[in-house]
Amino acid sequence: MWNMLIVAMCLALLGCLQAQELQGHVSIILLGATGDLAKKYLWQGLFQLYLDEAGRGHSFSFHGAALTAPKQGQELMAKALESLSCPKDMAPSHCAEHKDQFLQLSQYRQLKTAEDYQALNKDIEAQLQHAGLREAGRIFYFSVPPFAYEDIARNINSSCRPGPGAWLRVVLEKPFGHDHFSAQQLATELGTFFQEEEMYRVDHYLGKQNRKALDGLWNRHHVERVEIIMKETVDAEGRTSFYEEYGVIRDVLQNHLTEVLTLVAMELPHNVSSAEAVLRHKLQVFQALRGLQRGSAVVGQYQSYSEQVRRELQKPDSFHSLTPTFAAVLVHIDNLRWEGVPFILMSGKALDERVGYARILFKNQACCVQSEKHWAAAQSQCLPRQLVFHIGHGDLGSPAVLVSRNLFRPSLPSSWKEMEGPPGLRLFGSPLSDYYAYSPVRERDAHSVLLSHIFHGRKNFFITTENLLASWNFWTPLLESLAHKAPRLYPGGAENGRLLDFEFSSGRLFFSQQQPEQLVPGPGPAPMPSDFQVLRAKYRESPLVSAWSEELISKLANDIEATAVRAVRRFGQFHLALSGGSSPVALFQQLATAHYGFPWAHTHLWLVDERCVPLSDPESNFQGLQAHLLQHVRIPYYNIHPMPVHLQQRLCAEEDQGAQIYAREISALVANSSFDLVLLGMGADGHTASLFPQSPTGLDGEQLVVLTTSPSQPHRRMSLSLPLINRAKKVAVLVMGRMKREITTLVSRVGHEPKKWPISGVLPHSGQLVWYMDYDAFLG
């Protein structure tokens, strides 16, 4: 279904490349030729490709391949080919003639051993020689599970490559891994057999956008939000083995919906015909995506799913799955075009309708003086303004492009026609008559379009390894944070009511109905969210605040804001020193999106430590601070104090005296060199800031800022010293994640031993030390 939506988008507002026609013979090998995908879509797509390209200087042979024995495989393939159909406007006699030709060109063969692939190669070469044909290329379509990729790839590379001057294209269906690590592993394996330009990863981005006419509207000043939606009425019955491993986020959001996101959000390259430029601009979208956290998503599961899993996978009666079958995710893109615009990605099974769409809702700043009854029908600027790419399901029943009449009148190719829907039909809060509505004159199967792109070598319609890994890099942290989260149960279909309705605010997504959530129904009332409070205790004789990670970050952000407000009220300014690394990222995002009363105009930001790399380097702590906090708040640039690690075109050179320069700046601007608040972390080896065990500098003495050496790269660091940190009025130590459980236990038992455990030396002389630990770090 989702393929069809992207085809609709491609054909409506996307200009598809016209490649130069190829000449010669093309062999197409469909691996998994007797499987469901082949029977439902791929053989029909190959037949359509033959109809489109036969007679244009190409000759073809189609090889259906599988592990099935030859006789049984031939029977299964013949049955699949019986259902081939021609376009409605083709004469029956022409259809029968082309179908007979296609069947004669198609044969089944078993591909199981290296010898089978060698035999296939010999047969293709013999066919070429016998007919006196020049080979143009070979297409291998992997309609098989990913675990089979490596063996097939090895056999193709060793035995079945075409001869010199001919191309090879291997087509890979999703899933492309389970997370970032497995995707990287799969990419590495395939990369040993194929060049990047030979691989076509199918994820249904079937066109490139020609948005130039819309560019004035296509930005944060005019777009209120973007919704990318795929709803299904069917459940996962019969597919629970796949679904238990992947779930709805990996199955739909990480690939299909993310591809549409990049299509909508990418900047148009100057040369839109350049595949390299288009893919590079898509990658820039990934680089601008704000990191996801658990509060970015809501998840659900239809009530009968666990029972289906128990039945199909022979699980015990006590088994209850945590796999989500519904998910909605709030995404933000931190660049000039889209800053502040929410992108909502949502998909689920067992919902009330089958429909897919990408909806761009525009801001409406009009104020109409007369009452609604006097508004011009469909043209009033006070009516909703939206652009919708609609799939061929739902109430319309066919692919469509809908544009509000008060927005603009689209100019579409002749392959699209204005459409009329049933009387009284309303879509997205407005009657159909309020839209310019267009549907394709002739619907094309998505796989036919896809195979045409592969045949013509339109590489920019497919996913590169770099883009694939960027996508997994974006989604994996969210998947890990949700791994143990109980999804909200819903009955399925129309009975869902408002149970799955959600809202978003301050960068977080939450269900509208805050009812108790129980994965396993049991006796007695379910626990309410208010029953789980922030735990307050003592750790190393200092106050400890412990909670689940989201509540902990919220509490710490509130405490920092309260400290800032008090400092500004009393002294007119607030000096805050922040550590880098991954732990404070969620805190920076929370401060940026949910603390509008923070006195940023009177805040000075300092760094606790910095890696000896250029400030623009992704490894730089300052770069992380810039990406997740600074670009989202209004803080005077002269109040931002990065560490001077890059002077005289050198990094942390002793003779440049960068540490002394930073120390003098602190002494000049911070009263008594006493920060109002210092935020620290704790490493698994007990280090804090960039003060490491057995460090020769920074643990004592008079120096305020020191150069140190880290056991991990980049090794050279600049850091506030322990004596300077202990001058602070307040020190907050943030410790998060199960990986910190062991060091948390160990440090709780040691005394003041900064040479062994630098964190144990943190104890402000006249200030307060507060530990903030999530339950994973504190309790394991």
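The first residue in the sequence is number 1, and the count goes up from there.
With respect to T240, the side chain to side chain contact (heavy atoms under 4.5 Å, CB included) criterion is satisfied by exactly one of R311, R310, K315, Q308: Q308.
For the residue pair S27 and H63, no side-chain donor N or O sits within less than 3.5 Å of a side-chain acceptor on the partner. No donor-acceptor contact under 3.5 angstrom links the side chains of E353 and T233, judged on distance only. Side chain to side chain, Q110 and T68 fail the donor-acceptor criterion of an N or O pair below 3.5 Å. No side-chain N or O of E237 forms a donor-acceptor pair with one of Y305 less than 3.5 Å apart. Using modelled atom types, one finds a donor on one side chain and an acceptor on the other under 3.5 Å when comparing S321 with E244. A donor-acceptor contact closer than 3.5 angstrom links the side chains of Y50 and Q101.
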**OP:** Let me see the working for Y108 and E75 under side chain to side chain donor-acceptor pair (under 3.5 Å), right down to the final yes or no.
**Re:** CA-CA 9 Å; Y108 176 83; E75 292 172 355; over 6 Å; no
**OP:** Just do the ring pair (Phe, Tyr, Trp, His ring centres under 6.0 Å) check on F142 and Y149 with the steps written out, would you?
**Re:** CA-CA 8 Å; F142 285 44; Y149 282 5; 5.4 Å; yes
**OP:** Tell me, with the steps shown, if I124 and R138 meet side-chain contact (heavy atoms from CB on, under 4.5 Å).
**Re:** CA-CA 10 Å; I124 293 174; R138 300 179 189 180; 3.8 Å; yes
**OP:** In sequence, state the C-alpha distance, the side-chain angles, and the governing distance for H58 and F455, and then conclude on ring pair (Phe, Tyr, Trp, His ring centres under 6.0 Å).
**Re:** CA-CA 11 Å; H58 318 289; F455 177 76; 5.1 Å; yes
Original post:
Given the rule in the side-chain contact (heavy atoms from CB on, under 4.5 Å) test, do W43 and M77 qualify, once you have shown the distances and angles that lead to the verdict?
Top reply: CA-CA 9 Å; W43 280 116; M77 194 176 105; 3.5 Å; yes
Subject >> Trace of the side-chain contact (heavy atoms from CB on, under 4.5 Å) decision for I333 with L261 >> reply: CA-CA 10 Å; I333 302 173; L261 171 68; 4.1 Å; yes
**OP:** In sequence, state the C-alpha distance, the side-chain angles, and the governing distance for R201 and M199, and then conclude on side-chain contact (heavy atoms from CB on, under 4.5 Å).
**Re:** CA-CA 6 Å; R201 292 182 182 86; M199 291 186 284; 4.1 Å; yes
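Atom NE2 of H393 sits about 14.5 Å away from atom OH of Y357, to the nearest 0.5 Å. In this structure, CG in L172 is found 12.5 Å from CZ in F140, a value given to the nearest 0.5 Å. For the atom pair CG (L46) and CZ (F62), the distance works out to 6.0 Å, reported to the nearest 0.5 Å. Atom-to-atom distance recorded for L84:CG and Q44:CD is 5.5 Å, nearest 0.5 angstrom. Taking CG of L30 as the start and CG of L42 as the end, the distance is 5.5 Å to the nearest 0.5 Å. Taken to the nearest 0.5 Å, the CG atom of L190 stands 11.0 Å off from the CZ atom of R154.
Between the side chain of T34 and the main chain of L76, no donor-acceptor pair closer than 3.5 Å is present. Side chain of N121 to main chain of Y117: no donor-acceptor pair is present (N/O by atom type, distance under 3.5 Å, no hydrogens or angles). Checking side-chain atoms of S83 against main-chain N and O of A80 turns up a donor-acceptor pair under 3.5 Å. R239 places no side-chain N or O within donor-acceptor distance of the main-chain N or O of D235, the cut-off being under 3.5 Å. With E198 contributing its side chain and Q195 its backbone, the two residues share a donor-acceptor pair below 3.5 Å. In this structure a side-chain-to-backbone donor-acceptor pair under 3.5 Å is present from E196 to T465. A donor-acceptor pair under 3.5 Å is absent between the side-chain atoms of W475 and the main chain of N255, judged by distance alone. With hydrogens and angles ignored, the 3.5 Å screen pairs a side-chain donor or acceptor of R169 with a backbone N or O of I454. Using modelled atom types, no side-chain atom of S159 and backbone atom of I156 make a donor-acceptor pair closer than 3.5 Å. In this structure, the side chain of S347 engages the main chain of M230 through a donor-acceptor pair within 3.5 Å.
Within a 6.0 Å sphere centred on NZ of K112, other residues, nucleotides and ligands contribute 12 heavy atoms or fewer. In the displayed structure, F319 atom CZ is contacted under 6.0 Å by more than 12 heavy atoms of other residues, nucleotides or ligands. Within 6.0 Å of atom CG in D100, more than 12 heavy atoms from other residues, nucleotides or ligands are found, so the atom counts as buried in its surroundings.
Among pairs with a residue in residues 79-88, none fulfils salt bridge (charged side-chain N to carboxylate O under 4.0 Å, His left out), at least two apart in sequence or across chains.
A 4.5 Å side-chain heavy-atom check between S471 and L468 finds every atom pair outside the cut-off. Using a 4.5 Å cut-off on side-chain heavy atoms (C-beta onward), S158 and Q118 make no contact. With contacts defined as side-chain heavy-atom distances shorter than 4.5 Å, the pair Q301/S306 qualifies. Inter-residue side-chain proximity for V26 and E135 is flagged as unmet; no heavy-atom pair is nearer than 4.5 Å. Under the 4.5 Å side-chain criterion, counting only non-hydrogen atoms from C-beta, S61 is not in contact with Q107. The shortest distance between side-chain heavy atoms of D123 and R109 falls below 4.5 Å. Looking at heavy atoms from C-beta onward, V226 lies out of side-chain contact with R359 at the 4.5 angstrom threshold. Residues V299 and K485 meet the side-chain proximity criterion, which asks for heavy atoms closer than 4.5 Å.
The two residues I29 and L111 make their nearest non-hydrogen contact at CG2-CD1, 4.3 Å. What you find for A33 and G64 is that their closest heavy atoms are CB-CA, 3.5 Å. For L257 against I228, the heavy-atom pair with the smallest separation is CD1-O, 3.7 Å. The minimum heavy-atom distance between P324 and Y243, with the atom names listed, is O-CE2, 3.8 Å. When all heavy atoms are compared, the tightest approach of E312 to G238 is OE2-N, 2.7 Å. Contact record, V285 with A265: CG2-C, 4.0 Å, taken as the closest heavy-atom pair.
Checked for salt-bridge contact, E267 and R280 miss the test: no charged N lies under 4.0 Å from a carboxylate O. Using a 4.0 Å cut-off between charged nitrogen and carboxylate oxygen, K349 and E232 count as a salt-bridge pair. At a threshold of 4.0 Å, the pair E259-K282 counts as salt-bridged, since one of the basic side-chain nitrogens sits closer than that to a carboxylate oxygen.
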